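Keep in mind that what you see is a predicted model, and the values were worked out from it rather than measured.
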Amino acid sequence: MIGAGASELDEAMMRRALELAGRAADEGEVPVGCVVYETATGRVLGEGANRRERDADPSAHAEMIAIRAAAAALGDWRLNGCTLVVTLEPCPMCAGAIVNARLGRLVYGCRDPKAGCVDTLHELTRDARFNHRVEPIEGVLGEECAEVLRAFFRGLRARQKNGGADAGGA
């Protein structure tokens, strides 16, 4: 389902972000995927999936990885003409990076009740006190995005309950 204000291209990019989230889950990472694309052309500039466990890096969120890749592809930290599409509502760090990168658009799948700082706990991307604001588009393939997360955490809890050595941290 396309959320209000979203395009078919946003939905296609969310499908790609879901693929990236699936890869993250396969590696034992919390399944979040992200794509940054040029809004006018649809050219993908950066992609990311969570890598916190693999990299032992608390900043290795999907959004941070995709933003870094997009900035490198453009040779500019300003991503005004770009759209960031992510499966889960960004946390405070990622919402701050979205504002600081001057992203033109933000599209996300499902809300994050524990860390979401775009709509749920705070509205960082719309805060008028910052020098840049991004109006988010919520709910693009939201149920699919939420189900990927629910399935991952169900599996994680089952492994932990059974004393599985591969329970890992998420």
Side-chain angles (χ1 to χ4, degrees), residues 1-24 29-52 57-146 148-149:
M1 178 180 111
I2 298 176
S7 69
E8 288 182 18
L9 182 56
D10 293 329
E11 185 175 328
M13 294 296 176
M14 186 63 79
R15 291 198 185 286
R16 174 63 183 150
L18 280 163
E19 289 174 21
L20 294 165
R23 289 185 193 171
E29 299 279 355
V30 174
V32 177
C34 182
V35 177
V36 175
Y37 74 91
E38 278 184 323
T39 307
T41 67
R43 179 173 65 119
V44 173
L45 299 170
E47 296 183 333
N50 274 355
R51 295 191 332 216
R52 287 188 311 171
D57 178 355
S59 71
H61 289 204
E63 299 97 321
M64 300 299 287
I65 293 162
I67 287 169
R68 287 182 191 123
L74 287 177
D76 192 349
W77 62 269
R78 294 170 195 87
L79 303 177
N80 305 77
C82 299
T83 298
L84 183 140
V85 177
V86 62
T87 56
L88 180 65
E89 178 184 6
C91 72
M93 174 182 64
C94 295
I98 288 164
V99 170
N100 284 314
R102 313 287 199 275
L103 274 146
R105 295 177 71 238
L106 166 62
V107 176
Y108 72 91
C110 62
R111 287 193 177 199
D112 183 349
K114 294 185 178 185
C117 282
V118 172
D119 285 309
T120 305
L121 301 177
H122 295 285
E123 295 181 348
L124 292 179
T125 64
R126 290 191 296 259
D127 192 319
R129 294 170 292 181
F130 293 124
N131 63 343
H132 180 75
R133 284 165 294 290
V134 181
E135 187 65 34
I137 297 169
E138 173 192 359
V140 175
L141 301 179
E143 186 52 37
E144 291 176 49
C145 293
V148 167
L149 287 158

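Between M93 and S59, some side-chain heavy-atom pair lies under the 4.5 Å cut-off. Within the 4.5 Å cutoff, the side chain of T87 has no heavy atoms near those of the C110 side chain. You'll find the side chain of E11 stays beyond 4.5 Å of the side chain of V107, heavy atoms only. With contacts defined as side-chain heavy-atom distances shorter than 4.5 Å, the pair R126/P136 qualifies. Contact check for V85 versus V140: no side-chain heavy atoms found under the 4.5 Å cut-off. Two residues are said to be in side-chain contact when any heavy atoms from C-beta on lie closer than 4.5 Å; C94 and V86 fail this criterion.
Not a single donor-acceptor pair under 3.5 Å links the side chain of R16 to the backbone N or O of M14. Distance alone, capped at 3.5 Å, places no donor-acceptor pair between the D127 side chain and the L124 backbone. With hydrogens and angles ignored, the 3.5 Å screen pairs no side-chain donor or acceptor of D112 with any backbone N or O of L88. Of the possible polar contacts, one joining the T125 side chain to the V134 backbone as a donor-acceptor pair under 3.5 Å is found. Proximity of a side-chain donor or acceptor of N50 to a complementary backbone N or O of P31 within less than 3.5 Å is not detected. A distance-only check finds a donor-acceptor pair linking the side chain of E89 to the backbone of D119 [under 3.5 Å].
Counting all heavy atoms, side chain and backbone alike, C91 lies closest to C117 at C-CB, 3.9 Å. Closest approach of G5 and D10 over heavy atoms only: O-OD2, 4.4 Å. Closest approach of A71 to W77, counting heavy atoms only: CB-CA, 4.1 Å. V99 and F130 get closest at one heavy-atom pair: CG1-CB, 4.1 Å. The two residues L20 and G33 have their closest heavy-atom pair at CB-CA, 4.0 Å. Across every non-hydrogen atom of A66 and G48, the tightest pair is CB-N, 3.8 Å.
A distance of 11.5 Å separates SG of C34 from CE of M13, quoted to the nearest 0.5 Å. Annotation: the span from T39 atom OG1 to R105 atom CZ amounts to 5.5 Å, rounded to 0.5 Å. With rounding to the nearest 0.5 Å, the separation of CG in N80 from CG in L74 is 10.0 Å. Annotation: the span from I67 atom CD1 to L45 atom CG amounts to 12.0 Å, rounded to 0.5 Å. Taking CZ of R78 as the start and CG of L103 as the end, the distance is 13.0 Å to the nearest 0.5 Å. For the atom pair L79 CG and L84 CG, the distance stands at 9.0 Å (nearest 0.5 Å).
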Using side-chain contact (heavy atoms from CB on, under 4.5 Å), reason through R102 and N131 one step at a time and then give a plain yes or no. CA-CA 9 Å; R102 313 287 199 275; N131 63 343; 3.0 Å; yes
Please determine whether side-chain contact (heavy atoms from CB on, under 4.5 Å) holds for the pair H132 and I98, giving the CA-CA distance in whole Å, both sets of side-chain angles, and the decisive distance to 0.1 Å. CA-CA 9 Å; H132 180 75; I98 288 164; over 6 Å; no
Any chance you could lay out the side-chain contact (heavy atoms from CB on, under 4.5 Å) test for I65 and R51, step after step, and finish with the verdict? CA-CA 9 Å; I65 293 162; R51 295 191 332 216; 3.8 Å; yes
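The existence of a salt bridge linking E19 and R15 is excluded, since no basic side-chain nitrogen approaches an acidic carboxylate oxygen closer than 4.0 Å.
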